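The structure under discussion appears below in the form of structure tokens.
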Amino acid sequence: MPHSAKKTLPIFLILLALIILPYEFNFSYEALYTDALTFGLPFFIFIAGYVVIVNYSVRALKRSMGILVFAPIPWALAEVLWALTNNGGEVLAYSLSFDAFYLLGFAIMVVALVTAYPSLRQYVKARAQVVALCITMLVAVALGYYFLGYRGESIDGQTMRMTAIYLVFDLAVLFFALSYTWATIKHRLSPFWVWLLVFTLATIAADTLYGIRALEGTYAPYTLPSVLFNAAYAALLVGFLSFVDVRAALLRDVDERYYEIFNHSGAPTIMADGAHNVLLANQQFEQMTGYEEKEITGEMKWPELVDTKDRKSILLLLNRMENVGTNKPLTRELNLHTKDGSALCSSVTFSFIPETDLVVITIFDLTERKKLENELKRINEDLQNFTFTVSHDLKEPLRNISSLATYLKRDYQDKLDDMGNEFLDMLVNSVSTMSQLVDDLLTLSRIGRKNVDFSFVDINSLVSEVLGDIQNYVKERNAEVRYENLPKAMVQKTWIKQVFQNLITNGIKFNDSPRPTVDITYKDHNFFYEFIVKDNGIGIPQEYKDKIFKLFERLHSAEEYGGTGAGLAIVKKIVKEHRGDIWVESEEGSGSTFHFTIEKFFIGGE
């Protein structure tokens, strides 16, 4: 039983004691006491249920609970008629005078449970419904098989039919009770549904025992079936009272605890339940969207405000957060629509209230900032295009210079003195370095450009491709690269391949060990993968841990270790384009461990 349901268990046990009391102590006036209790419990269910629904029930369930609360009224009338019919020891197991009211109450309950389904649909998963249906069918088969043993001419056909009708209603309620109880346990909903299951199990036991004794002609009033019926009523009463204790109690005083905070928060803010119903909205939200309070509270679902192209992705992400059981705030940029149809580019933060399915949604209008960002983005794109064009145009003269220097050295080497040959070597090396710098600039300018495809990539296969590309270098350095069981991730394959190639190559290059080793592992976090590339190289001094990620920054001379100093800057930009981060843990002489993250659900773009 869920913890929230356990809080109302003492009330049920007290009621159960009051029900069993006359049978244990042989009170005089036992029949009068039992009749009063049997009539009083449904009556109090209606009174308590009505008060709870008006003052405590969540808006999403007010309609269905408002229907359900009327089920005890015909039950109370039926109990009075049953007591009058069986007065003085005359036993009449079934009679249209009171059975019609009993069945009417069950019909009302079934209608209420069907009405509740739209509000609980997102919590009741298909698997739960299949399990509930299977259990219900097993119970139905077991009861049917048992009652088939009572076929015969001496058996009262009306008794058999009435027993079957009651059990059909019981099984219908059982299916919904099982489905909703699953949702209660999984999503911490109101324990009412747990108590409804207790009610259903008690009524099934009572109707089964009632029917058996009626068929056998051994039924007597004020026996075990009566105890079970009263226990069922007690469970339903406690179920309604449980609304006071849990989520509805929270919503009842939500205005007192949150309204002042909302109104003075300075940002448009709403509170919603697990079914996305808006329960509370502040004045800033009303001003931003143009809706009035009566159009929002209890009437609107917050996804209706989100642009259709953003709606599915944010609901999917929130559902995944719910499945992994995290309460960490989530912030996303979403396009919203106001009442007049205007579009708002907004930063939306979802903050989850622990132990409930409530969420506080705070909205910041980014429309003006987005205009500035778009202008800055345009300028950056122009700068990238300029860098791309200039870098590309530099390649041709560099190739010409390199070719001329090579021809001079080949054709005139014997005609030049040692200093002349040394100058030619310096020229060739400088052109090679300049060419590599231009290549790095071209690579850096390409990262983040539009029309780049992201796809699920097996990182094991990707690392294997990298090692195939650098296998000669790995063999020359007698190096070893170890990896296994890496995940699949949504990435831009070419970029991420370059990340691993740069980190692996660096781990081998900046290494004075006779056997350079690089180990690649990962950690699986809720919303991102953390990849770890560890080497046994020369390490990095503490003061240079940030400097190494800057463009063309070097810790060693080109003569000591080749390269341009752009590799880690390229790596950092690629990781940032995947909404990740990169950092290094290292001590000089003790190797380096690079960590970088990739968001699991990232599919490119904003």
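Keep in mind that this is a model prediction, so the values were computed, not measured.
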When you measure from the side chain of [X] to the backbone of [Y], do you find a donor-acceptor pair of N or O atoms at a distance under 3.5 Å?
| X | Y | result |
| --- | --- | --- |
| Thr181 | Trp193 | yes |
| Tyr166 | Leu103 | no |
| Asp307 | Asn335 | no |
| Arg579 | Glu599 | no |

Parallel, tilted or perpendicular: rings of Phe528 and His525 (30°, 60°):
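Plane angle under 30°, so parallel.
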Heavy-atom neighbours of Lys301 NZ exceed 12 at 6.0 Å
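Counting neighbours around NZ of Lys301, more than 12 heavy atoms of other residues, nucleotides or ligands fall under 6.0 Å, so yes.
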Do other residues, nucleotides or ligands put more than 12 heavy atoms under 6.0 Å from the NZ atom of Lys523?
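Counting neighbours around NZ of Lys523, 12 or fewer heavy atoms of other residues, nucleotides or ligands fall under 6.0 Å, so no.
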Reported CG-to-CE distance for the pair Asn282 and Met271, which is rounded to 0.5 angstrom:
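If I round to the nearest 0.5 Å, the distance is 11.5 Å.
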What is the distance from atom CG of Leu237 to atom CD1 of Ile47, rounded to the nearest 0.5 Å?
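CD1 of Ile47 is found 11.0 Å from CG of Leu237.
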Evaluation steps, side chain to side chain contact (heavy atoms under 4.5 Å, CB included), between Thr338 and Leu344:
CA-CA 8 Å; Thr338 63; Leu344 293 176; 3.6 Å; yes
Does any part of the side chain of Leu305, heavy atoms only, come nearer than 4.5 Å to the side chain of Leu334, both counted from C-beta?
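The answer is no; the side chains never approach within 4.5 Å.
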Nearest atoms (heavy-atom pairs only) where [X] meets [Y]:
| X | Y | answer |
| --- | --- | --- |
| Ala71 | Met109 | CB-N, 4.3 Å |
| Tyr233 | Ile45 | O-CD1, 3.3 Å |
| Tyr522 | Asn485 | CE2-O, 3.0 Å |

Start with the C-alpha distance between Phe46 and Val69, add both sets of side-chain angles, then the distance that settles side chain to side chain contact (heavy atoms under 4.5 Å, CB included), and finish with yes or no.
CA-CA 6 Å; Phe46 171 73; Val69 77; 4.3 Å; yes
Once ring-ring contact (aromatic ring centres under 6.0 Å, His included) is applied, do any residues pair with Phe199, and if so which ones, sequence neighbours excluded?
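Only Trp75 meet the ring-ring contact (aromatic ring centres under 6.0 Å, His included) criterion with Phe199.
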Can you name the residues that form a ring-ring contact (aromatic ring centres under 6.0 Å, His included) with Tyr291, not counting sequence neighbours?
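With neighbours one apart ignored, the set is empty.
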Kindly determine whether Phe350 and Trp302 satisfy ring pair (Phe, Tyr, Trp, His ring centres under 6.0 Å), including the steps that lead there.
CA-CA 12 Å; Phe350 299 85; Trp302 67 261; 5.3 Å; yes
Are Val491 and Phe456 close enough, and set up right, to give a side chain to side chain contact (heavy atoms under 4.5 Å, CB included), and what steps lead you there?
CA-CA 6 Å; Val491 297; Phe456 275 107; over 6 Å; no
How would you list, by chain and number, every residue that makes a side-chain contact (heavy atoms from CB on, under 4.5 Å) with [X], sequence neighbours excluded?
| X | result |
| --- | --- |
| Phe364 | Ala267, Ser347, Thr362 |
| Val168 | none |
| Leu133 | Met137, Phe175 |
| Ala206 | Leu228, Phe229 |

Can Thr349 and Thr331 be counted as having a side-chain donor-acceptor contact under 3.5 angstrom?
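Note: Thr349 and Thr331 side chains meet the donor-acceptor criterion.
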